[in-house]
Amino acid sequence: MLEQRFRWRNREIREQAAILDGKKPPGILLKNARFLHSTLRRWVDGNIWIQGDRIIYAGEAIPDNQSDTEIVDCQGQTLVPGYIEPHVHPFLLYNPQSFSRFAAQTGTTTIINDNLFFFLHLQKKKAFSLMQKLSQSPVTMYWWARYDAQTRLEGDEFIFTNSDVKSWIEQEKVLQGGELTGWPDLLDGDDLMLHWIQETKRLGKKVEGHFPGASEKTLAKLKLFGADSDHEAMTGNELYRRLMQGYMVSLRYSSIRPDLPVLLEDMKRMGLNQYESMMFTTDGSTPAFYKQGMIDAMIRMAIESGIPPIDAYHMASYHVAGHYNMQHLHGMIATGRMAHINFLEDETNPTPVSVLAKGQWVKRNGKEIIADEDVPWVDFGLEPLLLDWDLTEEDLEFSMAFGMKMVNSVITKPYSVAMDASVEDLSHHNDESFCALVDRKGKWRINTMLKGFAKEVGGLASSFSTTGDIILIGKSKKDMKKAFDRMKEIGGGIVLAENGSILHEIQLPLAGMMSDKELLILMKEEEKLRDLLKERGYTFSDPAYSLYFLSSTHLPYIRITQRGMYDVMNKTVLFPTLMR
């Protein structure tokens with residue numbers, strides 16, 4: 001519990017001080033280093049002494065005792081602090097460990113994670129134990145505490161209880177509350193959510209917003225309620241409005257919102273050249289998007305747009321650490337900080353050739369080094385999905401005259417169904433598909449039509465969704481059942497079927513939501529799914545998010561949820577779920 005606040009024990013600190021006196025050697029000496037000194041805001045030359053996971057000295061001196069020291073000559077390289085990703089959804093097909101291992105290769109050595117998956121799918125004790133296990137990673141992991149599920153759950157008042165939310169807020173490794181996807185409820189008088197925000201602030205922690213399209217007055221109100229930051233600025237004007245109201249703003253470059261180029265261009269046009277209230281995020285992108293990098297790719301784009309390199313690196317480290325009140329541990333290369341250090345060819349290329357995370361090599365001369373043990377997921381309750389029910393003909397009856405129309409990857413509007421949906425197969429000449437959401441426990445279902453997803457997808461089944469309930473989409477009821485049966489057989493995943501055969505699958509054996517494979521393999525599996533769907537008429541950019549957000553009521557306009565077909569703007573259930 002005291003790990004974050006008091007990171008080192010008295011005995012360890014005494015030993016670190018003894019190294020400065022020459023009584024003991026440091027573990028690692030980085031000599032002839034050109035490194036970014038964030039307090040001075042300049043590149044300096046010197047030597048960096050490391051013991052365990054801590055920088056115990058950074059300056060001109062050389063240790064008197066080097067008897068058992070690993071000496072690394074940094075001549076010709078430039079050193080910067082490890083990057084911090086402040087807004088991670090570590091369950092977007094990947095899992096927290098596979099994400100962190102890949103992130104480290106790109107120089108991101110500290111991540112701040114969404115706890116939604118843990119909250120919905122794990123008992124509290126198991127979740128906290130898993131957080132403790134993940135803390136053994138060389139990548140530092142912190143967490144958020146959600147106040148809502150970003151969808152309408154059946155009985156959500158018994159899930160997001162006061163005691164459970166507060167127990168999350170009080171966790172040492174939790175740095176913030178949010179993201180505030182349920183802010184309309186807050187504005188409408190949800191005093192329990194306001195109480196949780198107040199508790200978060202009382203503990204000295206931050207509250208992150210999720211305020212797409214919010215007006216100036218709404219942003220001001222939410223600031224009064226306690227919001228500290230937001231990542232939903234999509235234009236320079238929206239960025240300016242947030243800065244004017246005193247927000248810390250995350251500039252986003254993600255698979256569904258690659259806004260950074262627009263923001264950088266608008267910032268230049270508007271003369272916004274103070275960057276202390278800005279940081280970067282990739283906002284939980286799907287796996288293949290990360291082929292181009294993570295925070296390192298955003299730093300590169302910022303430098304290429306004309307932002308001074310020191311400011312670009314500070315937006316990825318120093319400013320983030322300052323916002324979360326942890327500059328004593330993170331965000332700079334200086335005495336007393338965690339030994340998170342990126343070794344660059346030069347300051348214009350932010351992708352590191354070598355990386356130290358907690359004083360351990362996780363990348364050396366371009367080669368990955370695995371420094372942590374594989375997590376035994378089963379020990380924490382993350383097992384393959386076990387469905388004790390079968391899909392029936394009745395489950396695939398579609399008679400609703402009201403459906404959803406996809407506007408982009410994640411936005412759905414209502415539309416009137418004019419076709420006969422009682423048939424076994426739909427025509428491939430239109431873009432309407434059968435669509436159902438079925439309770440993972442087999443208790444209920446909601447059936448409708450989905451327009452705009454694709455023209456020629458026979459059957460798709462997915463246990464990957466906001467809540468982990470089962471999504472079925474397709475033109476053929478037989479192919480939908482084929483995909484479901486295979487998804488059930490493999491313990492969860494995304495399965496694509498066509499003409500009675502399995503075309504492709506992404507196995508998600510961790511509760512039907514996450515893969516246990518490394519990110520590079522998962523990238524290829526996701527790319528293949530996307531390519532196959534595009535060949536069959538999917539016209540948008542991110543099918544994984546299309547599936548994940550079908551139930552997400554923090555987005556307009558119509559959603560299928562555990563309560564039924566839901567009108568987001570009017571907060572009403574249009575058609576309830578049917579009991580099976």
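The structure presented is a predicted model; accordingly, all values stated were derived computationally and were not measured.
Remark: Arg242 pairs with Asp230 by the salt bridge (charged side-chain N to carboxylate O under 4.0 Å, His left out) rule, at least two apart or across chains. With sequence neighbours left out, Gln105 forms a side-chain hydrogen bond (donor to acceptor under 3.5 Å, both in side chains) with no residue at all. Residues forming a salt bridge (charged side-chain N to carboxylate O under 4.0 Å, His left out) with Asp296 (at least two apart in sequence, or on another chain): none. By the side-chain hydrogen bond (donor to acceptor under 3.5 Å, both in side chains) test, Asp188 pairs with Lys571, sequence neighbours left out. With sequence neighbours left out, the salt bridge (charged side-chain N to carboxylate O under 4.0 Å, His left out) criterion links Asp228 to Lys201. With sequence neighbours left out, the side-chain hydrogen bond (donor to acceptor under 3.5 Å, both in side chains) criterion links Asp516 to no other residue. Here Ile159 pairs with Phe119, Leu120, Leu153 under the side-chain contact (heavy atoms from CB on, under 4.5 Å) rule; sequence neighbours left out. For Gln245, there are no side-chain hydrogen bond (donor to acceptor under 3.5 Å, both in side chains) partners two or more places apart in sequence or in a different chain.
Contacts classified as salt bridge (charged side-chain N to carboxylate O under 4.0 Å, His left out) and involving residues 125-145 (residues at least two apart or in different chains) are given here: Lys133-Glu373. Identified under the ring pair (Phe, Tyr, Trp, His ring centres under 6.0 Å) test for residues 238-273, with sequence neighbours left out: Tyr253-Phe289. Within the structure, side chain to side chain donor-acceptor pair (under 3.5 Å) pairs that include any residue of residues 269-278 comprise Asp266-Arg269 (at least two apart or interchain). Within the structure, the salt bridge (charged side-chain N to carboxylate O under 4.0 Å, His left out) test picks out the following pairs touching residues 91-119 (sequence neighbours left out): Arg101-Asp372, Arg101-Asp374, Asp114-Arg146.
In this structure, the side chain of Glu238 engages the main chain of Met234 through a donor-acceptor pair within 3.5 Å. A donor-acceptor pair under 3.5 Å is formed between the side chain of Thr151 and the backbone N or O of Ser551. Proximity of a side-chain donor or acceptor of Trp183 to a complementary backbone N or O of His210 within less than 3.5 Å is detected.
Of the candidates Asp283, Thr281, Asn113, Asp283 is the only one forming a side chain to side chain donor-acceptor pair (under 3.5 Å) with His87.
Between Tyr548 and Phe91, the ring planes are tilted. Angles from 30° to 60° get that label.
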